[in-house]
Structures are given as structure tokens and as C-alpha cells.
Amino acid sequence: HRIACDARRGGWLQPAASARHLPVLERRMAQWRARGVELSLLSRGETAERLGTDAYHGALFDPRGGSLHPLRYARELAGAAMRAGARLFRRSPVRGVHRTGEGWRLATPRGELRCGAVICATNAYGDPAAMGVGRCILPVWSVQVATDPQPPALRARILKDGICASDTRRFLTYFRLDPDGRFVIGGRGAPSTRGRARAFAALGRRALALFPELEPSWRFAWGGLVALTENHLPQLVEPAPGLLLAFGYNGRGVALATAIGRVLADRLCGAEEGDLPLPLLRRPRPWPLAPWLRLQLPLATGLAALLERGAAARGR
Ligand SMILES: Cc1cc2nc3c(=O)[nH]c(=O)nc-3n(C[C@H](O)[C@H](O)[C@H](O)COP(=O)(O)OP(=O)(O)OC[C@H]3O[C@@H](n4cnc5c(N)ncnc54)[C@H](O)[C@@H]3O)c2cc1C
């Protein structure tokens, strides 16, 4: 489809924020090797050389990884779908999914839509088919900030060869340079506007702690919800023939949701259940602790942040 979204495969690095995380990376590498994927472990010096910061104790390197511009990607996907005949309806949230004699009826505030099949791909943002998705996921805010393009000398020194990174901290920090040289960094967010403003500021501080020579011209800040599941895997649900739900990408949905999109299309085009790469559930699998965790999230994030600050202060 000639999707123009600045896709680059410069590899992905998972740097260890603490020496105690190195054995975890070793185990992860062994697990991938057992599946025939050649990852490598970088020493502290090699990690500093690739990233341009000596804040980390070593890293796992996956040459298959890469990055893209997610907004351009979403727009280009929409364009490709429309060229293939799809019609997109903006500002018309589905409030109800109802079975009719020959298919489905979707109720929106601006009118109804009748169709032969429905895919609910709203991930962390709702449950228009009222299938109890809220009991299966923990919706969590994630935020990012980006600078203006950094000076060429700095761009030559940090995050070499288009590499992108997400570290091993409990609330991971992930960062990269975009093709125009903007420094982009992301991490955990908060549901309230004030909380998000604090999260944006914290990301700026974190960026400068990693790369003190950055020009901190934070031009862009944004965020959204990701859906966590109990076993960290997405769920594929078919409550009735012609109705499919897919959700729970655990913050890794850019590539994964795209891949699942193909699976959903295959299923609607008649693929056998046994040929799908994930189990097809009849009902979403509940996460009994999810409603409780939702209430505890502000406390838990505060506590984890304190623990992390303590560990950083002790140099671990
Ligand atoms: C700041 C941030 C950084 C991230 N970084 C990464 C990353 O580096 N790598 C990665 O792989 N993933 C990342 N993610 C996660 C990734 O964005 C998601 O996993 C992915 O977008 C999920 O795709 P999706 O299409 O299932 O859902 P979404 O992209 O969330 O789309 C859901 C859509 O459903 C629509 N919708 C909701 N309710 C209704 C309704 N009632 N009727 C009609 N439409 C509805 C919404 O408007 C939205 O368009 C990040 C997320 C955030 C917020």
C-alpha cells in the first residue's frame, strides 16, 4: 500500500536501568534464541556507545526492531482502506451493537448503520458491544513529548543508526530520534490534565538526565490509553458469528494490532478457528483484579515511582 510513515528498522535496544536487571535480559535472550531469533547482549560500554548515554548497565539488542511515525501511519492506513473502498465515519461513536435478522445494526448519536459483520477494535477506549471488556483490561495512560529537531552534532552522537530504546524500569521510559532529528521520549501518564502535565514535565527531566546536552525545546506533548491484560496477551473474541472483538495489546499495539487486523479479516473471510494464531474466545476472559487495580492505580504508581527513585538514589 506504499504506506509513507517514516518506517525505519534501526534495531531496538532494551537497556538495563539496574545491574539487577541484566540476568532478566540474559533469560530473555535465551528464550528468543530457543525460538531461533538471534539477539545480542551489549556491555555497559557498548550500550553507552550506541545510545550516547552512560546511564545504563548493559542492554539487549534486537536487530528486527524499528520505529515509525504513528500518526502518519494511522492516516496512511485510513487512506489505504478508503482506496480499497472503505468508508470512514468520524465523530460517530457506536453506542450499541444489535443483532438483526440478516446482520447487525450499529446505533450512533447521528444515525444507524446496518452491516453484515462487526469488528470492535476500540481497545482501551470502550466496549460498544457491551461484552464486559471493562472487566478484562486495565486502561492505563501513556504519554510522550518531543523536541524541535536537535542540532546535527548531537544527532550524530546519540541513538546512532536510527536505533530506538525502551528501558527495563518498572514504568519504562522509551526514546528515539525521529527522521527529522526530534528527540521523542515516552512513559507512564495520568488520567487527569494536571497529572498529565506533571508526567510531561517528568519526561523532560528524565530526558535531560539521560542526555544533558539535549536542547529541551519540548514542542509536542500527547497521550492516550493503552489496555493491559492479566497475561499480557491480547484477546480475540467471537461472541457470535459475524461479531469480533480484539483488544489488550499491552502498549505494544502498533505492530501487533496491525497483525491482528489481518487475522480478523481472515476470520471474517472464512478462516478456520484452528488456523488462527490466537485462541478464539466466546466471551472476553475477565481479569478479576482489574476493577480493584483500577481503583488502586494512582496509589500503586505513586508507590512504584518512590521505589524507583529510591533505587536510583542508591545507584541500583
Ligand atoms: C503515548 C503512547 C505511546 C505508545 N507507544 C507505543 C509504542 O512505542 N509501540 C507500540 O507498539 N505501541 C505503542 N502504544 C500503544 C498503541 O498505540 C496501541 O496499542 C494501539 O494504538 C492499539 O491499536 P488499536 O487500533 O487496537 O486501538 P486504538 O489505536 O486505541 O484505536 C481505538 C479506536 O477506537 C475508536 N473508538 C473508541 N470507542 C469507539 C466507539 N464507541 N465507536 C467507534 N469507535 C470508537 C477510537 O476513536 C480509536 O480510533 C502507545 C500508546 C500511547 C498512548
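Numbering of ligands and ligand atoms starts at 1, following listing order.
Ligand-side atoms of ligand 1 in range of V226: 15 (C), 51 (C), range being under 4.0 angstrom from any heavy atom. Near G224, meaning under 4.0 Å from any of its heavy atoms, are these atoms of ligand 1: 53 (C). When each atom of ligand 1 is checked for a heavy atom of R252 under 4.0 Å away, the hits are 10 (C), 11 (O), 12 (N). Residue V254 approaches ligand 1 through these ligand atoms, each under 4.0 Å from one of its heavy atoms: 9 (N), 10 (C), 11 (O), 12 (N), 13 (C). Atoms of ligand 1 found under 4.0 Å from any heavy atom of N123, numbered from 1 in the order shown, are 22 (C), 26 (O), 27 (O). Applying the 4.0 Å criterion to heavy atoms of P93 picks out, from ligand 1, the atoms 42 (N).
Of the heavy atoms in V94, both backbone and side-chain atoms come closer than 4.0 Å to ligand 1.
Checking atom 23 (O) of ligand 1 against the protein gives a heavy-atom contact under 4.0 Å. Under the 4.0 Å distance rule, the nearest protein heavy atom to atom 14 (N) of ligand 1 falls inside the cut-off. There is a protein heavy atom less than 4.0 angstrom from atom 10 (C) of ligand 1.
Shortest contact from atom 2 (C) of ligand 1 to any protein heavy atom: S142 OG, 3.7 Å. The shortest contact between atom 48 (C) of ligand 1 and any protein heavy atom is with Y125 CD1, 4.9 Å. Scanning all protein heavy atoms for the shortest distance to atom 44 (N) of ligand 1 gives T122 CG2, 4.1 Å.
A salt bridge links R206 with D167: the closest approach of a Lys/Arg side-chain nitrogen to an acidic carboxylate oxygen falls below 4.0 angstrom. Contact check on D6 versus R72 returns a salt bridge, with a Lys/Arg side-chain nitrogen under 4.0 Å from an Asp/Glu carboxylate oxygen. Checked for salt-bridge contact, E26 and R20 miss the test: no charged N lies under 4.0 Å from a carboxylate O. A salt bridge between K160 and E49 is present, with a side-chain N of the basic residue lying under 4.0 Å from a carboxylate O of the acidic one. The residues E76 and R2 are annotated as not salt-bridged, no charged nitrogen and carboxylate oxygen being separated by less than 4.0 angstrom.
Side chain of E102 to backbone of G116: no donor-acceptor contact under 3.5 angstrom is found.
Taking 4.5 Å as the limit, some side-chain heavy atom of P234 sits within range of a side-chain heavy atom of L256. The shortest distance between side-chain heavy atoms of R182 and L177 does not fall below 4.5 Å.
Using a non-hydrogen distance threshold of 4.0 Å, A121 registers as a contact of ligand 1. Distances from ligand 1 to the non-hydrogen atoms of G186 include no value under 4.0 Å.
Residue Y174 holds the heavy atom nearest to atom 3 (C) of ligand 1 of all those in Y249, F89, Y73, Y174. Summarising the contacts of atom 18 (C) of ligand 1 with C164, A74, G253, A246, the nearest heavy atom is found in G253.
Note: no N/O pair closer than 3.5 Å links P128 and ligand 1 by distance alone. Ligand 1 has an N or O atom lying under 3.5 Å from an N or O atom of G251, backbone or side chain.
Taking the centre and axis of the six-membered ring of W32, the NZ or CZ atom of R27 falls outside the cone set by 45° and 6.0 Å. The cationic atom of R196 (NZ for Lys, CZ for Arg) lies less than 6.0 Å from the six-membered ring centre of W141 and within 45° of the ring axis.
In this pair, F175 and Y56 present their aromatic rings parallel. The plane angle is below 30°, not in the 30 to 60° band.
Taken together through direct or relayed side-chain contacts under 4.5 Å among Ile, Leu, Val, Met, Phe, Trp and Tyr, V140 and W287 form part of one hydrophobic cluster.
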